[in-house]
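Below is one structure, written out as structure tokens; the observations come after it.
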Amino acid sequence: MIEFRNLWKNYDDNVVLENLSAQVGSGEFITLVGTSGCGKSTFLKLLLGTEVTSRGSILLDGRPIADEPGPDRGIVFQKYSVFPHLTVRENVALGREFECGPIFGRVFGSARKAILAEADHWLESVGLTPARHRYPHELSGGMQQRLAIAQALIKQPRLLLLDEPFGALDPGIRKDMHQLVLSLWGQHKLTVFMVTHDLSEGFYLGTRLWVFDKCRMDPQAPERFGSTITFDLPVGKTDRQSLDKIKESLARSAQIPVAV
Ligand SMILES: Nc1ncnc2c1ncn2[C@@H]1O[C@H](COP(=O)(O)OP(=O)(O)O)[C@@H](O)[C@H]1O
Ligand SMILES: [Mg+2]
């Protein structure tokens, strides 16, 4: 479904991603780990279409991916964006209203009713029905992430991109969110890319785990070389030895000064 072909991304002299190639099938759940600053968020932005590759290409069903965000791709960040003066339900509906409404995203009458019904459907599926008339600031951290997921899913994307979505949540809440994501992934046949800094979360949720790291390193000029996929592991078939190797490589690259 998706192919990364010799992908490079740099910001001026800062090479972030270097010669990254991979193929991903429909319905896979890829989890991405790597030290801070190694290019994980940049990689998701390339997939989302808010950033463009410097060299190489990303193909979706064999065609170059549109270089602007489209409804086929949804994203959930750790810090999410909502309109504070709109209710939970209105915030979810807004994503569809922007698609349908010709002027300022406003939709009226029966079209608006249909969109609100859709919003209710997605709020139900993420467990937010009781909170749908509340305002964002009245939600707990876990509920805010549920809202962010509903906002992404109402566009019915095939690709769901998650950038450390549960990093700020308490362990108990995080477990609930894991179950939610796994069930949505199964129900809606999503292809998921999820960045996490928690290796065990990566192994638990993913069908495939990628480690991003630099293959080459210039201590005098850390920006000179970029990261690529250094481990690509089918989850479940990973032995103790490769797990230790990953931990070693993560610990090693954490020592590398990362340019900001
Ligand atoms: N818009 C941008 N302009 C310039 N440099 C950027 C931009 N976005 C990210 N970077 C740089 O790219 C590198 C990777 O950042 P990022 O993808 O956010 O890392 P990660 O998500 O793995 O922590 C960092 O060196 C960061 O400073
Ligand atoms: Mg990041």
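Both ligands and their constituent atoms are indexed starting at 1 by order of listing. What you see is a predicted model; the values in this text were computed from it and never measured.
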Thr42: numbered ligand 1 atoms lying under 4.0 Å from its heavy atoms: 9 (C), 14 (C), 15 (O), 16 (P), 17 (O)

task: Answer yes or no: does an N/O atom from Ser36 fall short of 3.5 Å to an N/O atom of ligand 1?
output: no

- prompt: If we only count heavy atoms from C-beta on, is the Val92 to Leu153 side-chain gap below 4.5 Å?
  reply: no

task: Between Asn14 and ligand 1, find which residue part has any heavy-atom pair under 4.0 Å and reply side chain, backbone, both or neither.
output: side chain

task: Would you check whether Gly34 reaches within less than 4.0 Å of ligand 1, judged by its heavy atoms?
output: no

message: Can you confirm, on distance only, whether ligand 1 has an N/O atom lying under 3.5 Å from any N/O atom belonging to Cys38?
response: yes

field: Test salt bridge (charged side-chain N to carboxylate O under 4.0 Å, His left out) applied to Lys9 - qualifying residues, sequence neighbours left out
entry: Glu51

Sub-4.5 Å side-chain heavy-atom contact between Phe212 and Thr230: no

With sequence neighbours excluded, residues passing salt bridge (charged side-chain N to carboxylate O under 4.0 Å, His left out) with Glu118: Arg96

- prompt: Between Phe43 and Phe4, does the ring centroid distance fall short of 6.0 Å?
  reply: yes

statement: ring-ring contact (aromatic ring centres under 6.0 Å, His included) filter on Tyr135, not counting sequence neighbours, yields none

task: Would you mind reporting whether His178 and Leu205 have side-chain heavy atoms less than 4.5 Å apart?
output: yes

message: Does this structure show an ion pair linking Lys175 with Asp170, if we count only N-O contacts that are shorter than 4.0 Å?
response: no

query: Ignoring waters, how many protein N/O/S atoms are under 2.8 Å from the Mg ion (ligand 2)?
result: 1

Where ligand 1 meets Ser41 - atom numbers and elements under 4.0 angstrom, heavy-atom basis: 17 (O), 18 (O), 20 (P), 21 (O)

field: Name of the residue among Leu116, Asn91, Asp120 meeting side chain to side chain contact (heavy atoms under 4.5 Å, CB included) with Arg132
entry: Asp120

